[in-house]
Protein chains: 2
Amino acid sequence: MILKIDFESDLPIYIQLKTQIIEGIAAGVLKEGDPLPSVRQMASDLGINLHTVNKAYTFLKQDGFITVHRQKGVVINSIHGRRVNEDYLARLHKDLSSLAAEAYCRGMNEEEFKNICTELFTKFKSQSPKW
Amino acid sequence: MILKIDFESDLPIYIQLKTQIIEGIAAGVLKEGDPLPSVRQMASDLGINLHTVNKAYTFLKQDGFITVHRQKGVVINSIHGRRVNEDYLARLHKDLSSLAAEAYCRGMNEEEFKNICTELFTKFKSQSPKW
DNA sequence: TATCTGTTATATATAATATATAACAGATAT
DNA sequence: ATATCTGTTATATATTATATATAACAGATA
């Protein structure tokens, strides 16, 4: 999987990594059982520090997206490792509320907002295998 | 309008301020022409620094949500000051893509995701006046 | 004139982020 | 066994973002 770091972004590198890996899973580029490069390899590839990669992996591990097998490396989990729980729902509602508020303030149509949301979701759904 | 700062949040204070004011406009609590407290008053009310408030106001001003009349204070703009432009659309797509990806990865249903999005948007729509 | 605005400047403190080096323990291949 | 690859942990440092503190300025108002 190809990851791109934007060093000019206001988003921290480890957040960019985490986000792109989740999007990779959603897009079906990363499937259950697929390996991720070691922290050292990934760091070397991207020209960043080992600990920055490790930080991203730690968050992904906490959220159940990956499992770390010592020596086997990092492996993508099945869907069963990463369910919708209360904490996640609360976070999603909060984040979506901010986006909906700004969209509404800027005069965006309800249909348009709904379409963008569903199109993005559907796109992932069509790209990745069922689980 | 009642603003609440979470000093334990991972979100910076000025981002919390900016977000809550935008949500206040979307919810109709803040209407066109309504004044906001001066940077010093707001800072005093919330127990934070004047410059932190000023930073939030500066971003809101840049995005057209408020206008600063020297001496009159800070005033909420009409919708015409804050339209959907290319930069905003790009940002919205990027943010929504992250959220949609994680929701899909966690096994959320397409209907459920759509419903949350539309419910939040509709809620703002029902609370605030037409513009 | 006194007092309220937003704004700007400067300095400092704190926290988050990223890097650098090193070491450890488990696993694998030679 | 030894070398080499894992993730992990520890420590230290540099950089940047965030927040605060103080002060001053210029416009507006009472």
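Reminder, nothing fancy here: chain letters follow the sequence lines and each chain counts from 1. Worth knowing before you read on, the calculation uses all heavy atoms, side chains too, and leaves out hydrogens, waters and symmetry mates.
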Round to a whole Å and report the spacing from [atom1] of [X] to [atom2] of [N].
{"X": "A:Ile5", "N": "C:dT17", "atom1": "CD1", "atom2": "P", "result": "14 Å"}
{"X": "A:Asn54", "N": "C:dT19", "atom1": "CG", "atom2": "P", "result": "13 Å"}
{"X": "A:Ile15", "N": "C:dA16", "atom1": "CD1", "atom2": "P", "result": "13 Å"}
{"X": "A:Glu8", "N": "C:dA18", "atom1": "CD", "atom2": "P", "result": "13 Å"}
{"X": "B:His69", "N": "D:dA28", "atom1": "NE2", "atom2": "C1'", "result": "13 Å"}
{"X": "B:Lys61", "N": "C:dT7", "atom1": "NZ", "atom2": "C1'", "result": "8 Å"}
{"X": "A:Leu60", "N": "D:dT8", "atom1": "CG", "atom2": "C1'", "result": "16 Å"}
{"X": "A:Gln16", "N": "C:dT17", "atom1": "CD", "atom2": "P", "result": "12 Å"}

May I ask which nucleotide in the shown strands pairs with [N], Watson-Crick or G-U wobble, both distances under 3.5 Å?
{"N": "D:dT4", "result": "C:dA27"}
{"N": "D:dA30", "result": "C:dT1"}
{"N": "C:dT8", "result": "D:dA23"}

Please pick, from [options], the nucleotide with the shortest atom-to-atom distance to any side-chain atom of [X].
{"X": "B:Val39", "options": "D:dT20, C:dG6, C:dA20", "result": "C:dG6"}
{"X": "A:Pro12", "options": "C:dA18, D:dT20, D:dG7", "result": "C:dA18"}
{"X": "B:Ile48", "options": "D:dT20, C:dT19, C:dT7", "result": "D:dT20"}

Handout entry: First encountered from the 5' end of DNA chain C, between B:Ser38 and A:Thr52
Key =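 Checking each residue's closest nucleotide, the 5'-ward one belongs to B:Ser38.
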Distances under 3.5 Å only, N/O to N/O: pair up the protein atoms with those of nucleotides 10-13 of chain D.
from: D:dA10; atom 1: N6; to: A:His51; atom 2: NE2; distance (Å): 2.5

Exercise for the section: Using atom types as modelled and distance alone, determine if a side-chain donor or acceptor of B:Thr19 lies under 3.5 Å from a backbone N or O of B:Ile15. Expected result: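 Judged by distance alone, yes, a pair lies under 3.5 Å.
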Practice task
Give B:Tyr57 one of three labels, base, sugar-phosphate or nothing, depending on what nucleic acid heavy atoms sit under 4.0 Å from its own.
Solution key: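 Since no nucleic acid heavy atom lies under 4.0 Å of B:Tyr57, the category is nothing.
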State, with a plain yes or no, whether a side-chain heavy atom of [X] is found less than 4.5 Å away from one of [Y].
{"X": "A:Leu99", "Y": "B:Leu99", "value": "yes"}
{"X": "A:Lys31", "Y": "A:Ile76", "value": "no"}
{"X": "A:Tyr88", "Y": "B:Met108", "value": "yes"}
{"X": "B:Lys55", "Y": "B:Leu17", "value": "no"}
{"X": "A:Ile22", "Y": "A:Leu60", "value": "yes"}

Problem - 5′-ward residue of the pair B:Leu11/A:Val74 relative to DNA chain D - result: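 In this pair, the answer is A:Val74.
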Handout entry: Donor-acceptor side-chain pairing of A:Thr118 and B:Glu110 below 3.5 angstrom
Key =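 Checked: A:Thr118/B:Glu110 side chains show no N/O donor-acceptor pair below 3.5 Å.
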Practice task
Record whether the side chain of B:Arg40 comes under 3.5 Å of the base of C:dT3 through a donor-acceptor pair of N or O atoms.
Solution key: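 Answer is no: no donor-acceptor pair is held.
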Practice task
May I ask you to verify if any side-chain N or O of A:Tyr14 is less than 4.0 angstrom from the OP1 or OP2 atom of C:dT17?
Solution key: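 Yes, A:Tyr14 has a side-chain N/O under 4.0 Å of OP1/OP2 on C:dT17.
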Practice task
Classify the angle between the aromatic ring planes of B:Tyr104 and A:Phe121 as parallel (below 30°), tilted (30 to 60°) or perpendicular (above 60°).
Solution key: perpendicular
